[in-house]
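Since the structure comes first, as structure tokens, the remarks are kept for the end.
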Protein chains: 2
Amino acid sequence: MILKSQVEWALHCCAILAGLPQNKYLSTKALAEFHGVPKEYLSKALQSLSQAGIVHTTLGPSGGYRLGKPPADLSFLDIVEAVEGNARTFTCSNIRANNPCRPQGFCDSGPCAVARIMWEADEAWRSKLRSVSLAQLIEMLGQEIPADLWKSTAQWVQQRAG
Amino acid sequence: MILKSQVEWALHCCAILAGLPQNKYLSTKALAEFHGVPKEYLSKALQSLSQAGIVHTTLGPSGGYRLGKPPADLSFLDIVEAVEGNARTFTCSNIRANNPCRPQGFCDSGPCAVARIMWEADEAWRSKLRSVSLAQLIEMLGQEIPADLWKSTAQWVQQRAG
DNA sequence: GAGAGACTACTCGGATACAGTCTGTCCGAGTAAATCCGG
DNA sequence: CCGGATTTACTCGGACAGACTGTATCCGAGTAGTCTCTC
């Protein structure tokens, strides 16, 4: 059970897009070059973000992506679920129903205990992701990245933005 | 990111094995028939549990599996990790290193903020699974399963145990 | 110089291909209990 | 009746195949700016 690499890409792309000047767009090509990943495949992740309303896109030259909401309103969970889907990590196939001792027509009341516990763990994971916003990530990155690198990166983004 | 069906099987099998008389064994065949799953494939999950020391096995006739530890000492996490592996759900490929603005020879101090947050969420998931023991599951099942079904199931297990 | 049309750069979506994992099956090797057979 | 040899029932491990997913690439359709050409 391992998340796709697209999740990592999407998170880093959102972090970059958060530093973009208002009403400017950054192309897939620029984002792909910045992160050193294949442009065409990264485009799939960005499409997922677009469909989820996390980023906004414009066609034509000087087109590309920008965030669709302020970074404070975007949680890690929003981005992860946009790429990975929002299905629970544990699927209950209700194998207790195959118990040969069951009387015919026996009907269960609610999901089985195993599934409930696994779903609680899943919810703990989601809850943590929900509690961290993109704005908080930017703040953390600002603290741990050297000031000159932070500045030159911002310049690079501004130069490529259209 | 969805857990294998083997995880569900392993959890239910451990719950059944917990109801086994001391020093008795239950065969893969019996467990497979009880849960209505393919015997050969279920055997893979049980092998994983065996390698992790969660269950103990004996060869020959009247052989099979029994728990290797008391149910109170077995957590959900033990069982899930035995089948699914203990690798983190998020893998950081350190794509920040591809930032074209980086000076040559730049060296990061510690994992990047994105990975740290994802790993915290992963730990929240594991922590929840670690907090629930197999004994607690048995107790929950005892409360929600009708008494007569609980009894006849115990009898079925005892009859098939060797 | 102004407006219409062509051009360009980009996103979007579908089609395709490849690799790895998940699911499932099959079979031989090894082991321990039960059974059989000779003394 | 007893002890050794055979049989039996099971686990274990590897090999194998098919389906599905993740990764990656390519190309055509559509769109919005930009450029060019004509009047």
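Quick caveat, the model's predicted, so the values are computed rather than measured. Reckoned from all heavy atoms, side chains included, excluding hydrogens, waters and symmetry mates. Within every chain, numbering begins at 1; the chains are lettered A, B, ... in the order of the sequence lines, protein sequences first and strands thereafter.
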Closest approach of A:Leu3 and B:Met118, non-hydrogen atoms and distance?
-> CD1-CE, 3.6 Å
Does A:Ser5 make a side-chain N or O approach to OP1 or OP2 of D:dT23 shorter than 4.0 Å?
-> yes
So B:Asp73 and B:Ser133, side-chain hydrogen bond (donor to acceptor under 3.5 Å, both in side chains) or not? Walk me through it.
-> CA-CA 7 Å; B:Asp73 294 350; B:Ser133 71; over 6 Å; no
Taking the side chain of A:Glu84 as heavy atoms from C-beta outward, which of D:dG22, C:dT23, D:dT31 is closest to it?
-> D:dG22
Taking atom P of C:dA32 as reference, at what distance in whole Å does atom CG of B:Asn23 sit?
-> 16 Å
Grab the CD-P distance between B:Gln47 and D:dG13 for me, whole Å please.
-> 6 Å
Could you tell me whether B:Lys39 and B:Glu33 have a side-chain N and a carboxylate O separated by less than 4.0 Å?
-> no
Answer yes or no: does a side-chain N or O of B:Ser27 lie under 4.0 Å from OP1 or OP2 of D:dC10?
-> no
Between A:Gln6 (CD) and D:dG22 (P), how many Å, whole number?
-> 9 Å
Just how far, in rounded Å, is P of C:dT11 from CZ of A:Arg66?
-> 14 Å
Between B:Lys4 (NZ) and C:dG20 (C1'), how many Å, whole number?
-> 12 Å
Candidate nucleotides C:dC26, D:dG13, D:dT23, ranked by approach to the side chain of B:Glu40 - the nearest | C:dC26
Could you check which of C:dC22, D:dC10, D:dA24 has an atom nearest any side-chain atom of B:Tyr41?
-> C:dC22
Want to settle it: does A:Thr58 or B:Lys39 sit nearer the 5' end of DNA chain D, counting the closest nucleotide to each?
-> B:Lys39
Whichever of A:Thr57 and B:Pro61 has the more 5' nearest nucleotide on DNA chain C, that residue is A:Thr57
Pairing of B:Glu81 and B:Arg130 as salt bridge, 4.0 angstrom limit | no
Rounded interatomic separation in angstrom, taking CG from B:Leu42 and P from D:dT11 = 10 Å
Of the nucleotides D:dT25, D:dG14, C:dG30, which has the atom closest to the A:Lys44 side chain?
-> D:dT25
Tell me what A:Ser50 touches on the nucleic acid: a base, only sugar-phosphate, or nothing, going by heavy atoms under 4.0 Å.
-> sugar-phosphate
In whole angstroms, the gap separating P of D:dA24 from CG of A:Leu46 amounts to 15 Å
Between C:dT11 atom P and A:Lys29 atom NZ, what is the distance in whole Å?
-> 10 Å
Shortest non-hydrogen contact from B:Ile79 to B:Ala10?
-> CG2-CB, 3.9 Å
